[in-house]
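Heads up, the thing below is written out as structure tokens.
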Amino acid sequence: QVQLVESGGGLVQAGGSLRLSCAASGSIFSINAMGWYRQAPGKQRELVTQITSGGSLNYADSVKGRFTISRDNAKKTVLLQMSSLRPEDTAVYYCNVDGRTLAWGRPGFSSWGQGTQVTVSS
């Protein structure tokens, strides 16, 4: 069982900054990719950014140059620093982590956080 706990959402004015944090815990043997997705009302969930265990980065075009993802492997956490926020960034942000558990055979897992609301006012 792997749990993810997110924090850091809130209300901010356009042009402002927020930092989201996600901590993984539980029966974790290894973590591969850690990432952030978001879902705005009436829209599908979309990938915002992802970082692999090797440090490879992937950003949605809409957030390049404004958002920065980082991870602390020892603490099993992933951070999302969001700057120059826009009203269109308003959404529920979800953390996603995949890897392998400690169970026999080291089965893979892909877990989601509970979601945190980010609201950007104009």
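The basis for the numbers below is simple: all heavy atoms, side chains too, and nothing from hydrogens, waters or symmetry mates. The shown structure was predicted, so the numbers you read here are calculated from the model rather than taken from an experiment.
- In summary, of the residues considered (Arg71, Lys75, Lys76), a side chain to side chain donor-acceptor pair (under 3.5 Å) with Asn73 occurs for Arg71 alone.
- Between Ser110 and Asn96, the side chains place a donor N or O and an acceptor N or O closer than 3.5 Å (distance only, hydrogens not considered).
- Residues Leu20 and Leu79 fail the side-chain proximity criterion, which asks for heavy atoms closer than 4.5 Å.
- We find the OG1-CG distance between Thr52 and Asp98 to be 10.0 Å, quoted to the nearest 0.5 Å.
- Grouping the Ile, Leu, Val, Met, Phe, Trp and Tyr side chains by contacts below 4.5 angstrom, directly or via other members, places Trp112 apart from Tyr93.
- A donor-acceptor pair under 3.5 Å links the side-chain atoms of Thr49 to the main chain of Asn58, judged by distance alone.
- Although no hydrogens or angles enter the test, the distance criterion places a donor-acceptor pair under 3.5 Å between the side chain of Arg66 and the main chain of Ser84.
- Here the shortest heavy-atom pairing between Leu4 and Ser111 reads CD1-O, 3.2 Å.
- No side-chain heavy atom of Ser17 sits less than 4.5 Å from a side-chain heavy atom of Met82.
- In this structure, the side chain of Thr77 does not engage the main chain of Cys22 through any donor-acceptor pair within 3.5 Å.
- Residues Arg100 and Gly108 come closest through the heavy atom pair NH1-N, 3.8 Å.
- Looking only at side-chain heavy atoms (C-beta outward), Phe109 and Val97 come within less than 4.5 Å of each other.
- Grouping the Ile, Leu, Val, Met, Phe, Trp and Tyr side chains by contacts below 4.5 angstrom, directly or via other members, places Ile51 with Ile31.
- No side-chain heavy atom of Arg19 sits less than 4.5 Å from a side-chain heavy atom of Leu80.
- With a 6.0 Å radius and a threshold of 12 heavy atoms from other residues, nucleotides or ligands, Arg106 has its CZ atom above the threshold.
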Query - side chain to side chain contact (heavy atoms under 4.5 Å, CB included) assessment of Val48 paired with Tyr59 - result: CA-CA 6 Å; Val48 176; Tyr59 289 97; over 6 Å; no
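- The CG atom of Leu11 sits 8.5 Å away from the OG1 atom of Thr90 when rounded to the nearest 0.5 Å.
- Ion pairing of Asp89 with Arg86 is absent here, as no side-chain N (NZ or NE/NH1/NH2) approaches a carboxylate O to less than 4.0 Å.
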Report task. Please report the C-alpha distance between Ser27 and Gln1 in whole Å, then the side-chain angles of each, then the deciding distance to 0.1 Å, and finally whether the side chain to side chain contact (heavy atoms under 4.5 Å, CB included) criterion is met. Result -> CA-CA 6 Å; Ser27 182; Gln1 195 84 357; 5.7 Å; no
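- Gln39 contributes no side-chain N or O that, together with a main-chain N or O of Ala91, makes up a donor-acceptor pair within less than 3.5 Å.
- No side-chain donor from either of Tyr37 and Arg45 sits under 3.5 Å from a side-chain acceptor of the other.
- The distance from the CH2 atom of Trp36 to the SG atom of Cys95 is 5.0 Å, given to the nearest 0.5 Å.
- Rounding to the nearest 0.5 Å gives a distance of 10.0 Å between CG of Leu57 and CD of Gln50.
- Looking at every heavy atom in both residues, Ile28 comes nearest to Ala24 through CD1-CB, 3.9 Å.
- Residues Thr119 and Gln117 bring a donor and an acceptor atom of their side chains to less than 3.5 Å of each other.
- Here OG of Ser7 is found 8.5 Å from CD of Gln114. Values are rounded to the nearest 0.5 Å.
- Note: the hydrophobic cluster containing Met34 does not contain Val5 (ILVMFWY, side chain heavy atoms under 4.5 Å, direct or indirect links).
- A distance-only check finds a donor-acceptor pair linking the side chain of Glu6 to the backbone of Thr116 [under 3.5 Å].
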